[in-house]
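Just so it is clear, the structure is predicted and the values come from calculations on it, not from any experiment.
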Amino acid sequence: MIVGPASQILGVRIAQELGIETINTETKNFPDGENYLRLNLEDESILQGKEVIIIQSTGPSANSTQNSRLFELLMMIDSVKRIGPEKLIVIVPYLAYARQDKIFRPGECPFARVIARMINSQNIDEFYTVDVHNPQILEEFDCKAINIDSMELLANYIKSLGAEDIVVVSPDKGSIERSKAFARYFGESVPIEYFEKKRDVITGEIKMSGELNLKGKDVVIADDIIATGGTMATAIELSKQSGAKKVYAAATHALMLGQAKYRIMKAGADEIIGTDSIDNEMAKVSLAKTIADYLAYD
Ligand code: R5P
């Protein structure tokens, strides 16, 4: 397994689950800003005719951008392809640009599809991602392309914290189906409520509304992504105003940009929970076994 710079923890964990070797990478930026990546190996023949897995998340972090992560991914893919594996499997736990999946204003580009086409054009054999914002973009792949669901893992973790009398709250009516599926992991009769969220397509500002009866309840708010934390913080504030006792803020991809941690804690979260799709301190739930199971049995 080639472990990309953005998935060091998850990559090694998956390799350990599968009992396979790992190869690290060496990266830098040239003085003009261009990315550089080489596979950290001296003998390329160790990849020839082998099944090779590449893992690289493409989220932004304090020391990199999503564009750099995508370029590093393409460099890894091309290096492996040049060497000649029998099969190449690519795992991108967090797929950058996935939220640019529609034309919101005239003249825009649904760039999520371009990113998907770009990866697909490398003639890979299988592609895996996790809770991608809009699974329809996987239509751009000619090869097998799987969107892995992390909801059961997140729910199990929240149950282990002792949450009781749970209500699942969707921060957006549009993601109610996802919240319904999520709620089932807490039990058949767990209620699902939602707020109405509207985002200004020009400023990005969100407005959320809704009055729910959450008196004395443990509220779980789940989203695919926490970016600036605005969506989650607003949903938490409204939940608290509606009487919530505890609030668990869960997201598959907790990017935690800027002041996100402060905003969410200040709004009244008891805990912020993410997965190791993103290497940061919110990664309390590991995707390793679930991804390894897909790779082993598919
Ligand atoms: C939006 O549709 C997503 O599902 C998330 O709700 C959104 O990306 C979160 O962004 P932020 O944390 O900046 O509000």
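Ile226 places a side-chain heavy atom less than 4.5 Å from the side chain of Met256. Residues Ile20 and Ile53 form a side-chain contact, since some pair of their non-hydrogen atoms from C-beta on lies under 4.5 Å apart. The shortest distance between side-chain heavy atoms of Pro60 and Leu257 falls below 4.5 Å. Counting only heavy atoms from C-beta outward, the side chains of Tyr294 and Ile89 never approach each other to under 4.5 Å. With contacts defined as side-chain heavy-atom distances shorter than 4.5 Å, the pair Thr25/Gln56 does not qualify. Taking 4.5 Å as the limit, some side-chain heavy atom of Val90 sits within range of a side-chain heavy atom of Leu88. Considering only heavy atoms from C-beta on, Ser7 stays 4.5 Å or farther from Asp279 through its side chain. Side-chain contact between Asn24 and Gln8 is present, with at least one heavy-atom pair separated by less than 4.5 Å.
Interatomic distance, Ile225 CD1 to Thr231 OG1, rounded to the nearest 0.5 Å: 9.5 Å. Distance check: Ile192 CD1 to Ser170 OG gives 9.5 Å after rounding to the nearest 0.5 Å. To the nearest 0.5 Å, atom CD1 of residue Ile91 and atom OG1 of residue Thr129 are 10.0 Å apart. Between the CZ atom of Arg69 and the CG atom of Leu37 there is a distance of 10.0 Å, given to the nearest 0.5 Å. Taken from CG in Asn147 to CG in Asn134, the straight-line distance is 9.5 Å, to the nearest 0.5 Å. To the nearest 0.5 Å, the span separating CD1 on Ile146 from CG on Leu295 amounts to 10.0 Å.
The side chain to side chain contact (heavy atoms under 4.5 Å, CB included) check on Leu74 picks up Met118, Gln122, with sequence neighbours excluded. For Tyr194, there are no ring-ring contact (aromatic ring centres under 6.0 Å, His included) partners two or more places apart in sequence or in a different chain. Not counting sequence neighbours, Glu86 has no partner by the side chain to side chain contact (heavy atoms under 4.5 Å, CB included) test. By the salt bridge (charged side-chain N to carboxylate O under 4.0 Å, His left out) test, Asp131 pairs with Arg178, sequence neighbours left out. The side chain to side chain contact (heavy atoms under 4.5 Å, CB included) check on Ala244 picks up Leu214, Val219, Ser239, Val247, with sequence neighbours excluded. The side chain to side chain contact (heavy atoms under 4.5 Å, CB included) search around Leu41 returns Ile23, Leu39, Glu44, Ile46, Leu47, not counting sequence neighbours.
Remark: the backbone N or O of Ile124 is not paired with any side-chain donor or acceptor of Lys87 at under 3.5 angstrom. Judged by distance alone, the side chain of Arg263 and the main-chain N or O of Thr228 form a donor-acceptor pair under 3.5 Å. When atom types are taken as modelled, the side chain of Ser175 and the backbone of Asp172 share a donor-acceptor pair closer than 3.5 angstrom. Remark: the backbone N or O of Ser277 is paired with a side-chain donor or acceptor of Thr275 at under 3.5 angstrom. Side-chain N or O atoms of Asn120 include one that pairs as donor or acceptor with a backbone N or O of Asp142 at under 3.5 Å.
Using modelled atom types, one finds a donor on one side chain and an acceptor on the other under 3.5 Å when comparing Thr252 with Ser150. In the model, Asp43 has a side-chain atom that pairs as donor or acceptor with a side-chain atom of Ser45 under 3.5 Å.
Applying the salt bridge (charged side-chain N to carboxylate O under 4.0 Å, His left out) test to pairs two or more places apart or on separate chains, those with a residue in residues 146-169 are Asp165-Lys217. Legend: salt bridge (charged side-chain N to carboxylate O under 4.0 Å, His left out) pairs involving residues 4-15, not counting sequence neighbours, sorted by first then second residue: Arg13-Asp276. Listed by first and then second residue, the salt bridge (charged side-chain N to carboxylate O under 4.0 Å, His left out) pairs that reach into residues 24-39 are Glu26-Arg38, Arg38-Glu42, sequence neighbours excluded. Note on residues 180-204: pairs passing salt bridge (charged side-chain N to carboxylate O under 4.0 Å, His left out), not counting sequence neighbours, are Glu177-Lys180. The ring pair (Phe, Tyr, Trp, His ring centres under 6.0 Å) pairs that include a residue from residues 224-259 are Tyr94-His253, where partners are two or more places apart or lie in different chains.
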Assess the residue pair Tyr97 and Leu70 against the criterion (side-chain contact (heavy atoms from CB on, under 4.5 Å)); give the C-alpha distance rounded to whole Å, side-chain angles, the decisive distance to 0.1 Å, and a yes or no.
CA-CA 10 Å; Tyr97 289 93; Leu70 284 165; 3.7 Å; yes

From CA spacing to verdict: side-chain contact (heavy atoms from CB on, under 4.5 Å), Ile137, Leu95:
CA-CA 11 Å; Ile137 70 159; Leu95 187 62; 3.6 Å; yes

So Asp218 and Ile158, side-chain contact (heavy atoms from CB on, under 4.5 Å) or not? Walk me through it.
CA-CA 10 Å; Asp218 281 357; Ile158 294 165; over 6 Å; no

Applying side-chain contact (heavy atoms from CB on, under 4.5 Å) to Phe186 and Val220, what does each step give before you reach the verdict?
CA-CA 10 Å; Phe186 291 101; Val220 180; 4.2 Å; yes

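Listed here is the closest heavy atom pair of Ser68 and Asn35: OG-ND2, 3.2 Å. The two residues Ala260 and Ala227 have their closest heavy-atom pair at CB-O, 3.6 Å. Ile264 and Ala249 get closest at one heavy-atom pair: CG2-CB, 4.1 Å.
More than 12 non-hydrogen atoms from other residues, nucleotides or ligands lie less than 6.0 angstrom from NZ of Lys284. Other residues, nucleotides and ligands place no more than 12 heavy atoms under 6.0 Å from the NZ atom of Lys261. No more than 12 heavy-atom neighbours from other residues, nucleotides or ligands sit within 6.0 angstrom of CZ on Phe71. Annotation: Gln259, atom CD; neighbour count of heavy atoms from other residues, nucleotides and ligands within 6.0 Å does not exceed 12.
Salt-bridge annotation for Arg113 and Glu139: present, with a side-chain N of the basic residue lying under 4.0 Å from a carboxylate O of the acidic one. By the 4.0 Å N-to-carboxylate-O rule, Asp293 lies close enough to Lys289 to be salt-bridged with it.
Apart from Tyr36 itself, the hydrophobic cluster it occupies contains Phe30, where clustering links Ile, Leu, Val, Met, Phe, Trp and Tyr at side-chain heavy-atom distances under 4.5 Å.
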